[in-house]
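Everything on this sheet refers to the single structure shown next.
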Amino acid sequence: MSTEVFPHEPVPYEGLGRPIKGPRALTHDWRRFWHLTYNIARNEFKLKFFGSALGYVWQVMKPLLLFGVLYVFFVVISHVGSGGKPDERFYGVQLLGSIILFTFFAEATGGAVRSVVDRENLVRKIQFPRLVIPLAIVLLAFFNLMMNLIVVLIFALISGVHPMLSWLELPLILVMLILFSTGLAMLLAAMFVRFRDIQPIWEVISQIVFYGSPVIIPITAVREKLLLPPNNSQIDNLLYHLYMLNPLVTVFQQFRHAMVTHATLSAGQALGSWAALLEPLGVVLAIFVLGFWVFNRSAPFVAENL
C-alpha cells in the first residue's frame, strides 16, 4: 500500500485569523500596576550606581558640574544675569533650579526612548502591563529630582533666599512638569519600537529645547528682545507667543518666581494674564493624551514589532 505525501500549501495570512494581541498598556489590578512600576524604578535606581565608589553622589554632581560650567562661561565671562536688575537677584539659584528641572525632563524623556526595546526579553517572556516600563523611567527620574532639589534648597538658603509662602506652589509646578514629561516619554517609547531614528532626532530636539527655555537666558531678556520697541512687530509677537507655548518655559519661570524671588515675573505675568496659562496647560494635556493614546494602541503588538 503506497502513501502519497502532499506538500503543505502555505495558508494565506487572512486564513490565520486575527493577530494575537499581547498584554495591553494598563491593567485592572492597579495595586499590581503601581507595585511593578515602583519596583522596576527602585531596582534601576540601585543598579545605576552598583559598584560605584561615590554611589548616589554622582547623581547630584552631574547637574552641579553643568551648573559650574554654565555659570563660569555665561555669568562670570559673558555677564548674563549680572546687570543688577531686580529680577536677576539670586541668578545663580535661578540657574541651578532650572538646570535641575531640565535634568529631570531630559532623564525622563531620553531614558524612555529605548526603555521598551532594551527590555525585549522581559517584554517577550512575561505578561505585564506595558505602560509600567516608561512610567518606571519617569519615576526613576523623579527619585533623582527629589535628591537634586534638596541641593537646590541648601544652595538657595546659603545664597540668602528666605523661605516664602509661595514655596507651597512647588507641587503644582512639579505636577505640570511630570505630566508633560510622562506624555512625551510614552510617545517616544512607543515610536522608537517602530522607528529607530527617534533617538538621534530626540537628542537634537532636547538640546534645542534646553537653549530655547529660560535656563540660561532670563525671560525678561527675551521679552525685551521681542516685545519692546523697535522689536515689537507681528513676527516678534508671534515668536514670543510660540516661545511661551513651551510648557517648560512656564514651569521654569514659575519656579523662579515662587521658589527664588518674587522680583522675577510669574508665568502669568510673562504670558500677559493668568488666563493665558490655559494655553501651555492645554499643550501639556494634549501631549499627555496623545502619548497615552499612541502607547495604548501599540502596546499589544510591541513584542512582534521588536
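Small disclaimer: the values here were computed from a predicted structure and weren't measured. One-based numbering along the sequence shown.
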| said: Can you pull out every ring pair (Phe, Tyr, Trp, His ring centres under 6.0 Å) where at least one residue sits in residues 149-179? Sequence neighbours excluded, please. | reply: Phe67-Phe155
| task | Among residues two or more places apart or on two chains, list those pairs meeting ring pair (Phe, Tyr, Trp, His ring centres under 6.0 Å) that have a residue in residues 190-226. | result |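 Checked against ring pair (Phe, Tyr, Trp, His ring centres under 6.0 Å) - neighbours excluded - the pairs reaching residues 190-226 are Phe102-Phe210.
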Are [X] and [Y] side-chain neighbours, meaning at least one heavy-atom pair lies under 4.5 Å?
X      : Y      : result
Ile201 : Val204 : no
Leu157 : Val161 : no
Leu242 : Leu238 : yes
Ile219 : Arg256 : no
Thr250 : Ile173 : no
Val69  : Leu65  : no
Ser115 : Asp118 : no

Looking at residues at least two apart in the chain, or sitting in another chain, which of them share a side chain to side chain contact (heavy atoms under 4.5 Å, CB included) with [X]?
X      : result
Val284 : Met176, Leu179, Phe180, Pro247
Asn39  : His35, Arg42
Ile40  : Glu44, Val132, Ala136
Ala276 : Leu271, Ser273

Among residues two or more places apart or on two chains, list those pairs meeting side chain to side chain donor-acceptor pair (under 3.5 Å) that have a residue in [range].
range            : value
residues 172-181 : none
residues 137-151 : Glu107-Asn144
residues 213-223 : Asp87-Thr220, Ser213-Asn246, Arg223-Tyr240
residues 276-294 : His241-Glu279

| said: Show me the pairs that pass salt bridge (Lys or Arg N to Asp or Glu O under 4.0 Å) and involve residues 132-144, at least two apart or across chains. | reply: none
| said: Measuring from atom CZ of Arg114 to atom CD of Gln199, what distance do you get when rounded to the nearest 0.5 angstrom? | reply: 5.0 Å
| said: Can you confirm whether Phe142 is buried at CZ, in the sense that more than 12 heavy atoms of other residues, nucleotides or ligands lie under 6.0 Å from that atom? | reply: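 No.
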| Quick one: does Gln254's side chain have a donor or acceptor within less than 3.5 Å of a partner on Glu169's backbone? | no
| Hydrophobic clusters join Ile, Leu, Val, Met, Phe, Trp and Tyr when side-chain heavy atoms are under 4.5 Å apart, directly or via other members; which others share one with Leu278? |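 Taking Ile, Leu, Val, Met, Phe, Trp and Tyr as members, Leu278 stands alone, with no cluster partners.
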